[in-house]
Amino acid sequence: MILRFDKISYTYHTKSGETAAVRDLSFGVDKGQFVSVIGPSGCGKSTILSLAAGLLKPSSGQIIRGDGEFGYMLQKDALFEWRTVEQNVFLPLELKKRNTAEMRAKAVALAEKYGLKDFLKKSPSELSGGMRQRAALIRTLAAEPEILLLDEPFSALDYQTRLEVCDDVQSIIKSEKKTALLVTHDISEAIALSDKVIVLSSRPAHVLAEHIIDFGDSPKSRRNNSEFAACFEVLRKELGI
Amino acid sequence: MKKDVNYSREHIAYLKKLTKKKTVITASRWLILIIFLGLWEIFATFGVVDPFVTSSPSRVIKTIGSLYENGSLFYHVGITLGETVAGFAIAVLSGYTIAVILWSSETVKRILEPYIVVLNSLPKIALGPLIIIWMGTGYTAIIFMTVIVSIIVCIMNTMAGFASIDPTKLTLMKAMGAGRGATLKKLIIPASLPSFMNTLKVAVGLAWIGSIMGEYIVSKAGLGYLIVYGGQVFKLDLVMTATFILCLLAGGMYAIVSLIEKLVVKNFD
């Protein structure tokens with residue numbers, strides 16, 4: 001197990017009061033697994049990623065982390081427009097003081113492997129939305145994280161690009177043998193991508209159900225699989241939509 | 001745009017229209033200036049207005065000529081330009097530094113906020129007598145005036161630029177483990193460059209206000225001095241001439257900053 005939440009609770013404090021975002025939340029992510037967390041909007045999904053990455057400290061409970069670093073991927077690609085795509089990819093190396101020729105070469109190789117070769121010296125503004133999100137993924141992978149935390153990274157894209165990028169990102173993560181924890185409000189995205197789907201309640205979030213998904217071998221084949229619709233129905237009911 | 005591309009008739013017409021519009025705008029700009037100067041000259045020559053009070057373009061040119069001949073033209077221009085540029089540089093550099101300090105600590109920022117607001121609203125000219133007593137009657141006083149007139153806006157604009165940075169980018173930096181220093185260097189400073197260039201443009205204008213105001217209060221030379229002196233002895237040719245040169249200098253300095261902006265900001269969109 002590379003990440004384990006054990007009875008985690010988290011409360012937000014603001015001037016006007018306190019809000020219990022997460023209560024007694026327990027789940028685990030195995031090495032190499034792609035896990036999705038779905039829940040009604042505003043249920044504290046992003047909080048879970050911040051907790052996992054250690055950006056927030058839980059009010060109670062324990063988070064057990066395996067070896068290796070975390071990589072974050074956000075809703076917006078947040079590429080720096082004053083840097084070239086290549087310089088953007090190097091950003092985590094600079095910040096983690098691992099900006100060696102070897103690491104840079106690895107990052108470039110990764111970018112080239114996944115179709116960014118011709119774009120490395122270009123400005124992010126010259127890339128399409130899908131390519132930008134791919135560049136953001138390569139930037140995340142450049143620091144060689146063990147586990148990727150994905151905060152609705154496809155939600156800002158239009159529908160067609162979204163399907164494309166979503167499959168794209170999943171296959172890159174799988175072929176690089178990384179672990180991923182994705183939060184999303186999109187049921188079909190969760191089913192198409194994940195080995196395991198965790199369904200959260202509304203706030204304060206706790207686990208309603210866990211599903212292992214094992215039909216189909218790619219997001220595309222899953223979407224076309226006859227089990228997809230049934231699975232969608234189950235999750236939809238659990239979310240109460 | 002490539003020349004060997006065959007555009008449609010409609011597109012050629014469209015391009016022509018664009019060029020025509022541009023020509024009309026440029027020509028109109030010059031025309032306004034020429035008409036204004038022409039009428040001014042004619043009215044002064046034929047006594048519609050009294051050239052003793054209004055001066056005239058030819059008298060301005062004559063005055064520039066005589067200032068040049070007695071060697072005082074570049075002396076006065078140099079002094080005012082030096083004061084303005086020095087004050088501008090000090091205000092921008094220290095304003096930026098103060099903004100960085102205020103950015104680094106939310107608490108310090110909140111403590112100092114009311115002081116900045118009050119200093120911003122205060123008419124700096126009110127400090128004139130104090131400045132003379134503290135700094136004497138030399139260039140230091142004028143440069144100091146230039147700095148206090150422009151620095152507050154430098155601080156406030158720079159801080160506004162820092163605050164307008166995409167929060168997603170800040171989250172990203174945090175998630176990648178960047179500290180305050182790294183965030184400043186890799187994100188805040190480069191991301192706020194376009195707004196910094198805007199700050200420079202505003203500061204140029206204010207620096208001229210500061211230096212001329214300083215020269216009004218205390219000076220023995222400079223364009224502001226010429227204006228005050230000319231007014232006192234009723235040499236309005238001198239007042240107009242100094243004002244005209246000021247227009248050229250201020251416009252020129254603004255153009256230089258705009259040019260730097262174009263060079264620096266081309267990678268932002």
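Labels below follow one simple rule: chain letters A, B, ... track the order of the sequence lines, proteins then strands, and each chain is numbered from 1.
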Residues of residues 163-189 of chain B contacting chain A, heavy-atom criterion under 4.5 Å, by residue number: B:Asp166, B:Thr168, B:Lys169, B:Thr171, B:Leu172, B:Met173, B:Lys174, B:Ala175, B:Met176, B:Ala178, B:Ala182, B:Lys186, B:Leu187
Does atom CZ (A:Arg23) have a neighbourhood of more than 12 heavy atoms from anything else shown, all under 6.0 Å? no
Who are the side chain to side chain contact (heavy atoms under 4.5 Å, CB included) partners of B:Ala86, not counting sequence neighbours? B:Ile143
Measuring heavy-atom distances to chain B, does A:Leu79 have an atom under 4.5 Å in its side chain, in its backbone, in both, or in neither? backbone
Could you tell me whether A:Lys113 atom NZ has more than 12 heavy atoms of other residues or ligands within 6.0 Å of it? yes
For B:Lys109, I'd like to know if atom NZ has over 12 heavy atoms of other residues, nucleotides or ligands within 6.0 Å. no
Across all chains, not counting sequence neighbours, the side-chain hydrogen bond (donor to acceptor under 3.5 Å, both in side chains) partners of A:Lys96 are A:Glu69
Within residues 134-144 of chain A, the residues sitting under 4.5 Å from chain B by heavy atom, in sequence order, are A:Arg139
Do other residues, nucleotides or ligands put more than 12 heavy atoms under 6.0 Å from the CZ atom of A:Arg203? no
Can you confirm whether A:Phe27 is buried at CZ, in the sense that more than 12 heavy atoms of other residues, nucleotides or ligands lie under 6.0 Å from that atom? yes
